[in-house]
Protein chains: 2
Amino acid sequence: MLSKRLKLIRNRRGLTQTGLAHKVKTTKGTISNYENGHSTPSNEMLRDLADALDTTTDYLLGRTDIDTNVSRTVSYSESDFETDPDLQIAFREASDFSEENRKQAIDFINYLKEKEKAKGRKIPNSSDE
Amino acid sequence: MLSKRLKLIRNRRGLTQTGLAHKVKTTKGTISNYENGHSTPSNEMLRDLADALDTTTDYLLGRTDIDTNVSRTVSYSESDFETDPDLQIAFREASDFSEENRKQAIDFINYLKEKEKAKGRKIPNSSDE
DNA sequence: TAACTAAGAAATTCTTAGCCC
DNA sequence: GGGCTAAGAATTTCTTAGTTA
């Protein structure tokens, strides 16, 4: 069930196995294994896949037929703006860190924030990637 | 994350570990392992747990705060699990970063994640939550 | 009764590499 | 490039039993 759903929605999102693999930090072989039922993703990977594909784990597992992410109300996401899926994944993981590592993550973000400021208010030029 | 949610909603449903174990055809030891983070349920078991507890896999995995099996809008401020407020703030800040700085933030979090993993492999020092 | 943990057996996944189209 | 699969290594889960409150 998961295998069919995963392949279906990956194609629907216009991603290759390699592309999806990169988003969730694994290899194309592993994605292929999922899609052919040779293995099943861990819970953490399942979450990451749902994030990367903008769907729900219930959809991937076949508990619902709704493939969109409408029920998404995670506490640290705001409904207003588009968010980098990779960033979402990173922060979900960070929320499970030890206190010490969480603090380090926050400190580093704050450091980056200062750097952004220092660069001067510049309108983001999306000429990359 | 799953461990907290599982324990929470099991109690909310008035079930003992033994009772839940019987519903999903496993042993109380296995349920205890889930709730204490010593192991994680397979995808199939995850589905069964969501069924038995009348909730969703997205809730059990912490992707949504809706604990009922019916899709319903809920404000994101009421959350069952304690998310670090500072981390939430940092997350919102990082969302506005330039692509480059966002990538750096993600990379750093991934680095911390590897560190957490390595730590977890060590012999338990009874200093864990 | 209810819940937690240790230890080993058992089962699974992941990685690497090669193959096909 | 895009996708599939084999085989062994690596990792994880499950079971049983004992322990605690």
Side-chain angles (χ1 to χ4, degrees), chain A residues 1-53 57 60-62 89 93 96-97 129, chain B residues 1-53 57 60-62 80-81 110-111 113-129:
Chain A
M1 171 56 75
L2 172 127
S3 52
K4 291 181 206 159
R5 288 270 166 108
L6 183 58
K7 181 171 220 159
L8 186 73
I9 198 162
R10 174 177 61 76
N11 285 319
R12 200 173 280 173
R13 297 286 186 258
L15 285 168
T16 65
Q17 288 183 345
T18 307
L20 177 58
H22 191 256
K23 270 174 177 282
V24 299
K25 304 197 170 43
T26 185
T27 62
K28 62 174 181 175
T30 297
I31 299 294
S32 180
N33 279 333
Y34 296 159
E35 294 189 358
N36 289 282
H38 296 133
S39 69
T40 58
S42 68
N43 289 340
E44 194 180 355
M45 178 62 80
L46 191 65
R47 243 171 26 184
D48 290 350
L49 287 169
D51 284 338
L53 294 166
T57 60
L60 289 175
L61 295 176
I89 291 171
E93 278 157 1
D96 279 336
F97 283 174
E129 183 77 16
Chain B
M1 169 57 70
L2 172 128
S3 52
K4 293 179 204 160
R5 285 276 168 104
L6 184 58
K7 181 171 221 159
L8 185 73
I9 197 163
R10 175 177 61 76
N11 286 318
R12 200 173 276 174
R13 298 285 185 260
L15 285 167
T16 64
Q17 288 184 345
T18 307
L20 177 58
H22 190 257
K23 270 174 175 279
V24 298
K25 300 190 169 47
T26 185
T27 62
K28 61 178 179 175
T30 296
I31 299 293
S32 180
N33 279 333
Y34 296 159
E35 294 188 357
N36 289 282
H38 295 134
S39 69
T40 58
S42 68
N43 288 341
E44 196 179 354
M45 177 62 80
L46 190 65
R47 249 179 12 198
D48 291 348
L49 288 170
D51 286 339
L53 294 166
T57 60
L60 289 175
L61 295 176
D80 285 333
F81 61 97
N110 285 331
Y111 154 72
K113 187 184 167 193
E114 290 306 312
K115 244 178 57 179
E116 288 260 324
K117 251 194 203 165
K119 190 181 71 177
R121 267 196 255 286
K122 282 183 183 171
I123 294 160
N125 229 356
S126 76
S127 59
D128 224 348
E129 66 204 274

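Letters A, B, ... are given to chains in the order of the sequence lines, protein chains preceding strands, and every chain is numbered from 1. Values in this document were obtained by computation on a predicted structure and should not be read as measured data. Keep in mind that the numbers below use all heavy atoms, side chains included, and drop hydrogens, waters and symmetry copies.
Across all strands shown, T40(A) has heavy atoms under 4.0 Å from sugar-phosphate atoms exclusively, and none from any base. Counting non-hydrogen atoms under 4.0 angstrom, S39(A) reaches the backbone sugars and phosphates but no base.
Residue Y34(B) has a polar side-chain atom (N or O) positioned under 4.0 Å from OP1 or OP2 of dC14(D). The phosphate of dG2(D) (OP1 or OP2) has no side-chain N or O of R10(A) nearer than 4.0 angstrom.
In this structure, N36(A) atom CG and dC20(C) atom P are separated by 17 Å, rounded to whole Å. Following rounding to the nearest Å, E44(A) (CD) and dT12(C) (C1') show an atom-to-atom distance of 17 Å. Rounding to whole angstrom units, CG of residue L15(B) and C1' of dA2(C) are separated by 13 Å. Here dC4(D) presents its P atom at 10 Å from CG of N33(A), a figure rounded to the nearest Å. For K7(A) and dG2(D), the NZ to C1' distance is 11 Å, given to the nearest whole Å. Atom C1' of nucleotide dG3(D) and atom CG of N11(A) are separated by 11 Å, given to the nearest angstrom. N43(A) places its CG atom 16 Å from the P atom of dT12(C), with the value rounded to the nearest Å. Rounded to a whole Å, the NE2 atom of H38(B) is 13 Å from the C1' atom of dA7(C).
Residues L53(A) and L6(A) meet the side-chain proximity criterion, which asks for heavy atoms closer than 4.5 Å. Two residues are said to be in side-chain contact when any heavy atoms from C-beta on lie closer than 4.5 Å; M45(A) and L49(A) meet this criterion. Taking the side chain as every heavy atom from C-beta outward, T26(A) and D48(A) never approach each other to under 4.5 Å. Counting heavy atoms from C-beta outward, I31(A) and E35(A) have side chains that approach closer than 4.5 Å. At a threshold of 4.5 Å between non-hydrogen side-chain atoms, the residues M1(B) and N43(A) do not count as touching.
Within residues 23-31 of chain B, the residues approached by DNA chain D to less than 4.0 Å at the level of any non-hydrogen atom are T26(B), T30(B), in residue-number order.
Residues Y34(B) and P41(B) come closest through the heavy atom pair CE2-N, 3.4 Å.
Classification of K25(A) and E93(A) as a salt-bridged pair fails, no side-chain N sitting under 4.0 Å from a carboxylate O.
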